[in-house]
Amino acid sequence: MKLKLVAALAALIGASAPAFANCDPGETVVKMSLVTALKGHPKGETALAMAERVNTQLNGRMCMEVYGNSELYDDDAALEAVLRNDIQMAAPSFSKFGPYTNVLMMFDLPFLFDGPVEALNFTNSESAAELRDVLTPSGFASLGFWSNGMKQISATRPLRLPKDAEGLTFRVQPSEVIEAQFAALGANTKRLAFSKVYDALVSGEVQGQQNSWSNIYSKGFYKAQDGVTESNHAYLGYMAVTSQTFLDSLEPDLRDQFLLIFELTTHEYNRFAYEINEARAQDVWRETKNIVELTDEERAAWRAAFRPVYAQFEDQIGRDLIAAAQSFNKQ
Ligand code: SIN
């Protein structure tokens with residue numbers, strides 16, 4: 001079915017159309033569900049580019065539909081839907097894999113990476129390759145790492161030093177590491193799905209949050225906050241997954257072409273994630289005066305405040321893995 005027709009039908013019945021809804025009878029459908037925006041977002045743009053390539057290069061055999069903005073599922077439900085083969089792809093942030101593995105929470109460690117380049121170099125490394133296997137026992141096939149960028153922290157008051165966060169409640173992803181990070185500040189946490197964050201900030205259910213510039217801008221979080229601190233204190237990235245059952249169901253040559261398209265798109269688009277976040281940071285800077293830029297001394301204070309989190313988790317995650325990740329930093 002052609003996209004324009006789907007959009008027109010969707011408008012008539014009040015539902016939104018997926019990007020690239022052009023599946024014909026006989027084509028293997030790859031449905032991907034994302035919680036984030038599609039356009040102007042690192043993950044959304046990568047998924048759209050992959051769908052465009054699948055739908056062009058594998059036309060007649062495979063078709064890929066991308067649903068954004070939690071239109072189909074929140075992340076926990078998306079992972080269950082992948083295992084049921086109700087959808088065939090998802091790319092949740094590492095924090096969402098807690099029900100299946102402890103190891104990926106490594107990425108939530110504050111100041112693990114100096115920046116997005118170091119994080120990308122690690123995820124492209126041999127050391128990170130073993131992380132692709134940790135989801136196999138649960139029935140997932142890890143396709144690869146997708147990048148977003150560094151997290152910034154925001155609240156109903158400007159946060160210049162760690163003590164400024166004391167007593168506030170922050171929305172967190174479902175990660176024990178992130179909860180420990182806020183506990184180290186004397187702050188409280190509330191786990192909420194991404195789709196619930198904006199309303200929770202507006203209603204005051206939570207007073208703060210942390211996320212990448214692309215998420216802060218596309219979901220308007222900055223509009224409900226009195227300060228966004230350019231902290232760059234942790235990395236937000238994704239594991240793109242399908243199920244082993246789905247992969248095994250494909251003809252070998254189709255599976256190889258699907259995996260090749262994934263690989264090439266990932267390689268190309270992970271490099272754009274930095275630029276996309278920079279552009280979204282500019283968008284937020286243009287629209288609000290409430291950005292807090294940290295001095296080197298202030299950033300060092302945040303780093304020191306978060307350091308105890310490492311001792312809490314290094315046995316569970318593995319000291320060698322943490323050291324391997326940190327080896328990509330300059331200092
Ligand atoms: C995402 O970037 O996929 C959402 C992360 C979050 O839940 O904050």
Side-chain angles (χ1 to χ4, degrees), residues 32-48 50 66-79 81-82 87 89-99 104-105 107-110 116 119-120 123 142-155 169-179 181-182 189-201 205-222 224-225 228 231-241 266 269-270 272-274 276-277 279-281 284:
M32 180 169 203
S33 169
L34 305 181
V35 295
T36 59
L38 297 180
K39 288 277 174 202
H41 188 280
K43 180 162 61 173
E45 292 289 355
T46 309
L48 291 176
M50 179 172 173
V66 182
Y67 296 80
N69 297 303
S70 311
E71 188 187 336
L72 286 189
Y73 299 107
D74 285 326
D75 277 327
D76 48 354
L79 286 173
V82 167
I87 59 172
M89 275 185 76
S93 60
F94 301 119
S95 321
K96 309 282 175 51
F97 288 93
L104 294 179
M105 66 181 173
F107 288 94
D108 290 328
L109 285 168
L120 182 59
T123 56
S142 298
L143 295 167
F145 298 96
W146 280 3
S147 299
N148 189 319
M150 303 311 284
K151 291 175 189 165
Q152 322 302 332
I153 188 168
S154 71
T169 299
F170 288 80
R171 175 271 173 171
V172 290
Q173 298 192 54
S175 158
E176 288 176 31
V177 170
I178 297 176
E179 284 164 340
Q181 173 207 309
F182 282 105
T189 52
K190 182 149 197 178
R191 293 183 177 199
L192 286 174
F194 187 61
S195 59
K196 302 276 188 283
V197 180
Y198 179 78
D199 287 347
L201 290 170
E205 182 183 356
V206 294
Q207 292 88 50
Q209 64 83 46
Q210 59 175 17
N211 229 307
S212 64
W213 285 118
S214 50
N215 280 339
I216 290 172
Y217 181 72
S218 57
K219 295 299 172 187
F221 297 158
Y222 65 97
Q225 301 279 263
V228 183
S231 51
N232 290 314
H233 66 279
Y235 176 65
L236 175 66
Y238 309 106
M239 184 68 93
V241 293
T266 297
Y269 275 74
N270 272 348
F272 292 150
Y274 175 75
I276 293 176
N277 270 301
R280 296 298 79 80
V284 178

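Counting starts at 1 for both ligands and their atoms, in listed order. As the structure is a computational prediction, the values presented were derived from the model and not from experiment.
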Closest protein heavy atom to atom 2 (O) of ligand 1, given as residue, atom name and distance to 0.1 Å: Tyr238 OH, 2.5 Å

Within-cut-off N or O pair, Asn148 and ligand 1, under 3.5 Å: no

Distance filter under 4.0 Å to Lys96 heavy atoms, resulting ligand 1 atoms: 5 (C), 6 (C), 7 (O)

Smallest separation among heavy atoms of Ile87 and Ala78, with atom names: CD1-O, 3.6 Å

Contact with ligand 1 for Lys43, non-hydrogen, under 4.0 angstrom: yes

Ligand 1 versus Lys151: contacting region, heavy-atom distance under 4.0 Å: neither

Atoms in ligand 1 flagged as close to Gln173, the criterion being non-hydrogen separation under 4.0 Å: 5 (C), 6 (C), 7 (O), 8 (O)

Residue pair Gln173 / Ser93, side-chain donor-acceptor N/O under 3.5 Å: yes

Side-chain touch Gln209/Ser154, heavy atoms, less than 4.5 angstrom: yes

Side chain Gln225, main chain Gln207, donor-acceptor under 3.5 Å: yes

Side chain, backbone, both or neither: the part of Asn211 lying under 4.0 Å from ligand 1 by heavy atom: side chain

Test of proximity, Ser93 against ligand 1: N or O pairs below 3.5 Å: no

Ligand 1 to His41 polar contact by distance, N or O atoms, under 3.5 Å: no

Modelled atom types, side-chain donor and acceptor of Asn69 and Lys219, under 3.5 Å: yes

Numbering as shown, the atoms of ligand 1 that approach Thr36 to under 4.0 Å (heavy-atom distance): 1 (C), 2 (O), 3 (O)

Nearest-0.5 Å distance that lies between atom CZ in Phe272 and atom OG in Ser147: 12.0 Å

N-O pairing of Glu205 and Lys196 below 4.0 Å: no

Part of Leu236 with heavy atoms under 4.0 Å of ligand 1, whether side chain, backbone, both or neither: side chain

